[in-house]
Protein chains: 2
Amino acid sequence: MEKIRLIIADDHELFRNGLKELLKNHNDVEVVNCASDGVELLEFIKTDNNIDIILLDITMPNMDGFEVLKRLKHLNNAIKPIVISMHDAGNYIAKCAKKGAYGYLLKNTDQEELLKAVRMVSKGKKYFNQKISEKMINFMSEHTVSNDMLSKKELEVLELISKGLTTKEIAAKLYVSSRTIETHRANILKKLNVKNTAELIKKAVKINLI
Amino acid sequence: MEKIRLIIADDHELFRNGLKELLKNHNDVEVVNCASDGVELLEFIKTDNNIDIILLDITMPNMDGFEVLKRLKHLNNAIKPIVISMHDAGNYIAKCAKKGAYGYLLKNTDQEELLKAVRMVSKGKKYFNQKISEKMINFMSEHTVSNDMLSKKELEVLELISKGLTTKEIAAKLYVSSRTIETHRANILKKLNVKNTAELIKKAVKINLI
DNA sequence: ATGTGTATCCGTATTATTACGGATACAAAA
DNA sequence: TTTTGTATCCGTAATAATACGGATACACAT
């Protein structure tokens, strides 16, 4: 039987080694290497292209786990990262899910769950337990705070801007002059405290206005 | 004991009525009303401000469920919508979660789960079962396909654009001429098949490039 | 060795956006 | 009733973005 080849990336030596010892007791997994930061991790990955899983911490010096996830996709997307974090904040979880993590575990997870996750992920399946999923879903919807910031009209204009319509086109669509739309746009920029359309759209998506 | 007051919104009469009958058997819930489309639903909500839950279909004439979710937040965000859809597509689920749905059920859900969801949601807790959560997580990450579409440089430029930097600022930052950045920008627009920055950023966020 | 793609640069012209300024009408809230 | 906020309109000027066009150098794959 092929062993599951994995790497541990975490800046806390004790945690790394503890995890390694723990996994030694299971003969279907092999801890190929450890890394104490993202840079080190990626360096190693470049030399060994037979890695199945990375147990990845988010908070690391030099290059954090988010950046690792991002680069991993370009570098070798056969490797399946499982994030092991001490934070159960919804934004962390959602971000990891979006960036392609195959699993998300808390550092206080028990051995059994860790193994379960590793084995599931090694088969290409994702592992996000119910509690983690909940946290994420809550986060996804809660960031909808600033709904009252923009007037109905402004929201309408914003939506059309985000669809790529020019000021002129929006004006025509809403039967007002382009000057009016420009004013709306300017007001929206001011209200969201951004300096141009690019930043505006990013922020609007982020806070769920679009 | 206060009953859970709920409304059913679905364009299929049979489904609406079936659901209603089914819920009649449970004396902790009261089906206050039914609506066959989003407009009708919102109209009713304006007249009755003591609704706990809406069982909401996505596919409806006049105004679909997504739009209902969006407007509901402005109108009365004490009402907790549970989406009941026949589609288990990840994008539907993620969209609903983002737009503030408190639950997502498939139309082939059994009675037990429906009741469980209604009761949980009535207490303010979200209900997305494991399978639904999985679908959503998979969707969230899978849309990262087009990673090879853009070159490393282009991705870098895109990231800076999204942060609100102007062409000139980006050029200064990357030690190249602004003309170069403009070319990159133009190429990015072409590659992603969008016509301007606003649309670009929206798309980039959507497909996870940023 | 030849082609393909990327990164880099340049020019010109048109159009759009942004930053200022100020103004009216109307509805809703205080 | 007065104030506040929203939607609407207008002007000018500076800056930025977009649409064309073309060019070189270099790396990597065929």
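Just so you know, these numbers use all the heavy atoms, side chains as well, and skip hydrogens, waters and symmetry mates. Chain A is the first sequence line, chain B the second, and so forth, proteins listed ahead of strands; every chain is numbered from 1.
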Discussion item. One pair to check against side-chain hydrogen bond (donor to acceptor under 3.5 Å, both in side chains): A:Ser141 and B:Lys126. What are the steps and the verdict?
Written reply: CA-CA 11 Å; A:Ser141 60; B:Lys126 299 236 167 94; 2.7 Å; yes
Fill in: Cationic N near anionic O, under 4.0 Å, B:Lys173 to B:Glu169
no
If I take atom [atom1] in residue [X] and atom [atom2] in nucleotide [N], what distance separates them, rounded to the nearest angstrom?
X        : N      : atom1 : atom2 : answer
B:Glu182 : D:dA16 : CD    : C1'   : 8 Å
B:Lys191 : C:dT4  : NZ    : C1'   : 12 Å
A:Ile188 : D:dT8  : CD1   : P     : 12 Å
A:Lys195 : D:dA17 : NZ    : C1'   : 14 Å
A:Leu165 : C:dT15 : CG    : P     : 18 Å
A:Leu189 : C:dC20 : CG    : P     : 12 Å
A:Lys190 : C:dT18 : NZ    : P     : 14 Å
A:Ile161 : C:dT17 : CD1   : P     : 8 Å

So what does [X] touch, heavy atoms closer than 4.0 Å: a base, only the sugar-phosphate, or nothing?
X        : answer
B:Asn196 : sugar-phosphate
A:Thr180 : base
B:Thr197 : sugar-phosphate

Worksheet, complete the sentence: Of B:Thr183 and B:Val194, the one whose nearest nucleotide on DNA chain D sits closer to the 5' end is B:Val194
Report yes if a side-chain nitrogen or oxygen of [X] is closer than 4.0 Å to either non-bridging phosphate oxygen (OP1 or OP2) of [N]; otherwise report no.
X        : N      : result
B:Ser177 : C:dC10 : yes
A:Lys153 : D:dT8  : yes
B:Lys168 : D:dT15 : no

Worksheet item: Do B:Arg185 and B:Thr167 have a side chain donor and acceptor closer than 3.5 Å?
Response: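 Short answer, yes.
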Item to complete: Verify the distance criterion only: is there a donor paired with an acceptor across the side chains of A:Lys3 and A:Asn27 at less than 3.5 Å?
Response: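 No, no side-chain donor-acceptor contact under 3.5 Å.
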Worksheet item: What do you reckon, are the aromatic ring centroids of B:Phe139 and B:Tyr92 less than 6.0 Å apart?
Response: no
Fill in: Per B:Arg185 side chain, nearest of listed nucleotides D:dA19, C:dT17, D:dA17
D:dA17
Worksheet entry | Selected nucleotide, minimal atom distance to B:Val176 side chain, candidates D:dC9, C:dC9, D:dA16 |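 The answer is C:dC9.
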